[in-house]
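First up is the structure itself, then whatever we jot down about it.
Numbers for residues simply follow the sequence, beginning at 1. Remember, predicted model here, so these are calculated numbers, not experimental data.
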Amino acid sequence: MAFPLRPTGPARLLAPALLALMLSLAPLSFAGDQPHEGHQGHGAAAEKSDPGPIHVHPLTTAEDAVGLDERLGESIPLDLTFRDESGRTVTLRELVTVPTLIAPVYYACPNVCNFLQAGLAQALPDVRRTPGEEFRVLSISFDETETPADAAESRKNYYALMQGRFPAEAWHFLTGDPENIRRLTDAAGYRFQRKGVDFVHPVASFVITPDGKIVRYLHGTSFLPMDLTLALIEASEGRTGTTIRKMIQFCFSYDRERQGYVFNLLRVSATVILLTAGAFLAFLLLSGRRRKTTRGPHDPNA
């Protein structure tokens, strides 16, 4: 790419730092920032047979918007009832006795919902909290037609990924009726819509305290164990704050081969250089104006 003009003066000093920052920021994209649409695998399966009455979905109307309104500090109702993977009816109050991560998904989804849960399965064994005692995970289907058998199959798949590194009672897979699903998603600001036999929905999960208060939203399908650990610590202390995933990923990358975090030196140093250069340029401009004001408009030395 050719530039028609060669930068001069302060711009010449700032150009390399600005370019480095732009290159370092390029990889930062998050699937959770946009709603996901069109799980074609589910749709194709439905087209091969008569869907019957099971595909009448009263949950969502065409007028409903799709998106996520972060409601930090607000609470979800814990009296909601669902069925777990064994078919047992449970209330959220029975399960949310410790800081809990809730992942709204649907089990027939062959795309992002699976990626989200697989991302959890990869990260959860490395979280520095005791599962079952200090935190719990709930996958909750927002498709009211799904059954405990669907939940049990999903549970089997993701526990297989963890290869025995996560306790059996620390991650539950739930299904429910339209009223309880809607009350949960409305309380969390999670707005989804059925489109044909598929769903358009945000790709996000959230962490709550034992009394149901929302303290953190986690966007996208991949998770850093450090992200999850910090969110669960905040939930145990009842502290809320803005989403930190982007800030953490800006400064650190998790190296799965090394089982540790790698500091993004280029990205952070480019940001520091750019901010320093900007501050220095602002200082020069302000000091120049100050000197002109001191000398006055008729000063022959100005």
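For the residue pair His201 and Tyr106, no side-chain donor N or O sits within less than 3.5 Å of a side-chain acceptor on the partner. Tyr158 and Asn114 share a side-chain donor-acceptor pair at under 3.5 Å. In summary, the side chains of Glu70 and His219 do present a donor paired with an acceptor at a separation below 3.5 Å, with no hydrogens or angles considered. Looking only at atom types and distance, the side chain of Arg136 has a donor-acceptor partner in the side chain of Thr97 under 3.5 Å away. A side-chain donor from one of Glu146 and Ser141 sits under 3.5 Å from a side-chain acceptor of the other. With no hydrogens or angles considered, a side-chain donor-acceptor pair links Asp150 and Thr147 at under 3.5 Å. Judged purely by distance below 3.5 Å, without hydrogens or angles, the side chains of Gln117 and Ser139 pair a donor atom with an acceptor atom.
When each of Glu133, Arg128, Glu134 is paired with Thr130, the side-chain hydrogen bond (donor to acceptor under 3.5 Å, both in side chains) condition holds for Glu134 and for no other.
Smallest separation of non-hydrogen atoms from Pro167 and Pro131: CD-CG, 3.4 Å. Across all their heavy atoms, Val112 and Cys109 have their closest contact at N-SG, 3.8 Å. Taking both residues in full, the closest heavy atoms of Pro104 and Phe206 are given as CG-CE2, 3.9 Å, listed atom of the first, atom of the second, then distance. The two atoms that bring Thr89 and Thr81 nearest to each other are CG2-CB, 4.3 Å, heavy atoms only. When every heavy atom of Phe199 is checked against every heavy atom of Arg194, the shortest pair comes out as CZ-NH2, 2.9 Å. Contact between Ser236 and Arg129 at its shortest, heavy atoms only, is OG-NH2, 3.7 Å.
Aromatic ring orientation, Tyr190 versus Phe192: tilted (interplanar angle from 30° to 60°).
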Side chain to side chain contact (heavy atoms under 4.5 Å, CB included) between Thr91 and Leu78, intermediate numbers included: CA-CA 7 Å; Thr91 65; Leu78 296 181; over 6 Å; no
Audit row: Leu218, Phe223, side chain to side chain contact (heavy atoms under 4.5 Å, CB included) steps and yes/no: CA-CA 8 Å; Leu218 301 168; Phe223 300 86; 4.0 Å; yes
Side chain to side chain contact (heavy atoms under 4.5 Å, CB included) between His172 and Leu95, worked out: CA-CA 9 Å; His172 289 281; Leu95 300 176; 3.9 Å; yes
Verdict with supporting geometry, Arg183 and Asp79, salt bridge (Lys or Arg N to Asp or Glu O under 4.0 Å): CA-CA 10 Å; Arg183 288 181 63 194; Asp79 62 336; 3.3 Å; yes
Derivation and outcome, side chain to side chain contact (heavy atoms under 4.5 Å, CB included), residues Leu101 and Leu120: CA-CA 10 Å; Leu101 185 150; Leu120 281 174; 4.1 Å; yes
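The shortest distance between side-chain heavy atoms of Leu92 and Leu138 falls below 4.5 Å. Residues Glu153 and Phe173 are not in side-chain contact: their nearest non-hydrogen atoms beyond the backbone lie 4.5 Å or more apart. Leu284 places a side-chain heavy atom less than 4.5 Å from the side chain of Phe280. You'll find the side chain of Val137 stays beyond 4.5 Å of the side chain of Thr100, heavy atoms only. Proximity of Ile181 to Pro178: side-chain heavy atoms (C-beta onward) are nowhere separated by under 4.5 Å.
In summary, Glu94 and Arg88 engage in a salt bridge, as defined by a charged side-chain N under 4.0 Å from a carboxylate O. A salt bridge links Asp69 and Arg191; the closest N-O separation between the charged side-chain nitrogens and carboxylate oxygens is under 4.0 Å. Looking at Asp126 and Arg165, a side-chain N of the basic residue comes within less than 4.0 Å of a carboxylate O on the acidic one, giving a salt bridge.
To the nearest 0.5 Å, atoms OG1 (Thr221) and CD (Gln122) are separated by 9.5 Å. Within the model, atoms CG of Leu232 and CD of Glu237 stand 11.5 Å from one another, a figure rounded to the nearest 0.5 Å. Between the CZ atom in Arg93 and the CG atom in Asp211 there is a gap of 10.0 Å [rounded to 0.5 Å]. Lys156 contributes atom NZ, which lies 12.5 Å from atom CG of Leu161 (distance to the nearest 0.5 angstrom). The OG1 atom of Thr175 sits 11.0 Å away from the CD atom of Glu144 when rounded to the nearest 0.5 Å.
Hydrophobic clustering places Val90 together with Ile140 (ILVMFWY residues linked when any side-chain heavy atoms are closer than 4.5 Å, directly or through intermediates). Ile102 is connected to Ile214 through a chain of hydrophobic side-chain contacts under 4.5 Å among Ile, Leu, Val, Met, Phe, Trp and Tyr, so both are in one cluster. Linking ILVMFWY residues whenever their side-chain heavy atoms come closer than 4.5 Å, directly or via other members, places Phe166 and Leu116 in the same cluster. Transitive grouping of hydrophobic side chains (ILVMFWY, heavy atoms separated by less than 4.5 Å) keeps Val96 and Val98 in distinct clusters. If you chain together hydrophobic residues whose side chains sit under 4.5 Å apart, Tyr107 and Tyr159 fall into the same group.
Within the 3.5 Å criterion, the main-chain N or O of Lys213 finds a donor-acceptor partner in the side chain of Thr209. The main-chain N or O of Pro148 is never found under 3.5 Å from a side-chain atom of Glu85 such that the two would form a donor-acceptor pair. Proximity of a side-chain donor or acceptor of Thr229 to a complementary backbone N or O of Pro225 within less than 3.5 Å is detected.
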